[in-house]
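Take a look at the structure below.
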Amino acid sequence: MGVNQGYRSFLSYVTLPSQSFGESGIITHKTVVMEKRVYIETYGCQMNEHDTERILRLLAGSHYLETKDAQEADLILINTCSVREKPEHKVYSALGRYKWLKEKRGAIIGVAGCVAQQEGDRLLDRVPYLDMVIGTHAIPMLPQLLQKIEFFGQRICETGFDPEGNYLKTILPQKPLDKVKSYVTIMQGCDHFCSYCIVPYVRGREKSRSSREIIEEVRHLAEMGVKEIFLLGQNVNSYGKGLEEEINFPKLLRRINEIEGLQRIRFTTSHPKDLSEELIQAFSKLPKLCEHIHLPFQSGSDKILKAMHRGYTKDSYLEKIDRLKEVCPFIAVTSDVIVGFPGEEEKDFEETLDLIRKVRFDDLFSFKYSPRKGTRAAQFTDKVEEKVKQDRLSILQEIQGGITLQKNQEIEGRVEEVLVEGWSKQSEKDITGRTRTNKIVNFEGDLELVGKLVPVQITKAYPHSLRGEIVPTHCRLQDVDCGVKSSEILT
Ligand code: SAM
Ligand code: SF4
């Protein structure tokens, strides 16, 4: 039995005298449901951030409101990632930090996400004050699982995979967490089994949501004022596989593009092998689809790509990039790369640098290879020394840092359509937003512009952001060629 048995449910549902004694003079009673607080710490990618959002939507129905202060929480959840080693270790230190809240306040403590899926019961054994381990498919069961803990003090581990895909069911928000942009999952899991990657083991096989549910959710968000939708999936290009309806990802994009009120569509992640001509064409045909693609390449060496089981070569990757740039000349391309994969020699690393120089990515997420238990690459013996990995990472990041700055400088002087998101983190006078190419722009302005598309002239480029000035109203009729599709600016 857990420490917090029973008494929480007593605190949460208190029977109080009703406001009046009634005509009979008899005291009637009514049950007042006390609101509780949930604090969620999230590690990992957008997929995990969105899972956190879904958990909050779900728990709102069980009278749990979000708090940003763990000390006042009745429920503390750590939503985890195990794609690389670092975030995995963070889970244990986070659990250590919250132990005293269990002792002092009887808070329920749970671990969700990829580490939960991977470790299961081992986590409960290792952390005696942990109440709950919730795998990636168990999110919709959370309210029932919480009741078991609250009423019966059980410790729970729920890590089964659900072949029916109930974990993808729509959980509509009562109000959006962010009024400007929102994530929408279109599929989960992955069938690719890249040799280094834990995702297929912790998120299960590819499963797509029905287009009807996706459209309904996007429409609902747009009606609540959300302007930008970020479609999520481990490999969005395979969207539709296994569904009864005749649909693929470009078709889904076309239907979302028609939703009234919505102004921008983004998506991640695309697998280069499955990037079709139809999807490339969508960048020139769909006005709401933003000119940005995240297309992880992982390595520039054909030998390493083969060992990674990626299914493409350096040349075929470069061909896809050329095609994207032909169809959409101002498209921003970002990517992921891994250095120090087993067997990576100096000449393989040089191929990776060559690819980076050829593509000139707008930005790049670069990682040192970290072996993941259970994956094929974890068995490979020709490991690269840690110091070599670190040196290669530093060289690569320096080269990419220069390219990112140059790419940003190329935009100086141009007018960009910016969707305003809120106050800038850098200055109290500034607001911030993103270009269609997903670059952050800070500029002087009023909070009334939040949620609006405004034309901003870029005045200065920095490594991670841009500075700009709103184009004054009287200049707005000028036909400024900013290279991107002009949509309804200032709507
Ligand atoms: N589905 C996406 C794709 O195939 O491009 C990527 C998803 S993965 C969650 C995000 C990134 O983490 C990968 O693109 C890869 O660069 C990195 N990654 C995954 N496994 C890794 C590992 N074992 N070591 C280092 N980086 C890894
Ligand atoms: Fe992992 Fe490869 Fe699937 Fe991406 S495509 S999630 S890297 S297995």
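Just so it is clear, the values below take in all heavy atoms, side chains as well, and ignore hydrogens, waters and symmetry mates. Order of appearance sets the numbers: ligands from 1, and atoms from 1 within every ligand.
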With heavy-atom distances below 4.5 Å as the criterion, would you say the side chains of Ile338 and Glu344 are in contact?
no
Looking only at non-hydrogen atoms, find the nearest pair between Leu405 and Pro463 and report the distance.
CD1-N, 3.7 Å
Would you say Asp274 and Asn235 are linked by a side-chain donor-acceptor pair, where the criterion is simply a distance under 3.5 Å?
yes
Does Phe193 approach ligand 2 within less than 4.0 angstrom via side chain, backbone, both or neither, non-hydrogen atoms only?
backbone
Taking only non-hydrogen atoms of Arg372 and a 4.0 Å limit, the atoms of ligand 1 in range are 23 (N)
I want to check a possible cation-pi pair here: Arg126 against Tyr92, using under 6.0 Å from ring centre and within 45° of the ring axis as the test.
yes
If we only count N/O pairs under 3.5 Å, is His271 in contact with ligand 1?
no
Starting from atom 1 (Fe) of ligand 2, which protein heavy atom do you reach first, and at what distance in Å?
Cys197 SG, 2.3 Å
Residue pair Phe230 / Phe267, side-chain heavy-atom distance below 4.5 Å
no
Could you label the plane-to-plane angle of the His271 and His192 rings as parallel, tilted or perpendicular, counting under 30° as parallel and over 60° as perpendicular?
parallel
Does ligand 2 have an atom that lies less than 4.0 angstrom from a heavy atom of His309?
no
Report, in ascending order of atom number, the atoms of ligand 2 lying under 4.0 Å from any heavy atom of Tyr196.
7 (S)
For atom 27 (C) of ligand 1, what is the closest protein heavy atom, and at what distance to 0.1 Å?
Ile338 CD1, 3.7 Å
Do Ser299 and Leu305 come close enough that some side-chain heavy atom pair is under 4.5 Å?
yes
N or O contact, Ser370 vs ligand 1, cut-off under 3.5 Å
yes
Using a 4.0 Å heavy-atom cut-off, which part of Thr269 comes near ligand 1: side chain, backbone, both, or neither?
side chain
Ligand 1-proximal atoms of Tyr196, by part, heavy-atom distance under 4.0 Å:
both
Numbered atoms of ligand 1 (with element) below 4.0 Å of Gln234, judged on heavy atoms
1 (N), 2 (C), 7 (C)
Just to check, does Asn235 reach to within less than 4.0 Å of ligand 1 when the distance is taken from its heavy atoms?
no
Atom 4 (O) of ligand 1: closest protein heavy atom, distance to 0.1 Å, is Arg310 NH1, 3.2 Å
Are more than 12 heavy atoms, taken from residues, nucleotides or ligands other than Lys407, located less than 6.0 Å from that residue's NZ atom?
yes
Polar atom proximity, Ser270 to ligand 1 (N or O, under 3.5 Å):
no
Between ligand 1 and Arg84, is the shortest N or O to N or O distance under 3.5 Å?
yes
Can you tell me if His294 contacts ligand 1 (heavy atom of the residue under 4.0 Å from the ligand)?
no
Taking Ser211 as the fixed residue, which of Lys251, Glu245, Glu216 is the one that meets the side chain to side chain donor-acceptor pair (under 3.5 Å) rule?
Glu245
Proximal atoms of ligand 2 relative to Cys190 (non-hydrogen, under 4.0 Å):
3 (Fe), 5 (S), 6 (S), 8 (S)
If you count the atoms of ligand 2 from 1 in the order shown, which ones are under 4.0 Å from a heavy atom of His271?
5 (S)
Closest protein heavy atom to atom 9 (C) of ligand 1, given as residue, atom name and distance to 0.1 Å:
Val83 CG2, 3.6 Å
Which heavy atom of the protein is the closest neighbour of atom 10 (C) of ligand 1, given with residue, atom name and distance?
Asp336 OD2, 3.7 Å
Does Met308 have a non-hydrogen atom less than 4.0 Å from ligand 1?
no
Which residue and heavy atom of the protein sit nearest atom 15 (C) of ligand 1, plus the separation
Gln298 OE1, 3.5 Å
Would you say atom 1 (Fe) of ligand 2 has His192 as a near neighbour, meaning an N/O/S atom of that residue under 2.8 Å away?
no
What residue and heavy atom of the protein are closest to atom 5 (O) of ligand 1, and at what distance?
Pro296 CG, 2.8 Å
I would like to know whether Leu77 and Ile134 meet side-chain contact (heavy atoms from CB on, under 4.5 Å); could you show each step before the answer?
CA-CA 10 Å; Leu77 280 178; Ile134 320 150; 4.0 Å; yes
Establish, yes or no, whether the cationic atom of Arg84 lies under 6.0 Å from the six-membered ring centre of Phe367 and within 45° of the ring axis.
yes
Parallel, tilted or perpendicular: which one describes the rings of Tyr167 and His137, with boundaries at 30° and 60°?
parallel
Indicate yes or no: does Lys306 engage Asp302 in a salt bridge with an N to O separation below 4.0 Å.
no
Check Lys368 against ligand 1 and report side chain, backbone, both or neither, counting heavy atoms closer than 4.0 Å.
backbone
Tell me yes or no: between the side chains of Glu41 and Tyr98, is some donor less than 3.5 Å from an acceptor?
yes
Is Cys194 touching ligand 2 with its side chain, its backbone, both, or neither, if touching means heavy atoms under 4.0 Å apart?
both
Close side-chain approach of Val337 to Gln298, heavy-atom, < 4.5 Å:
no
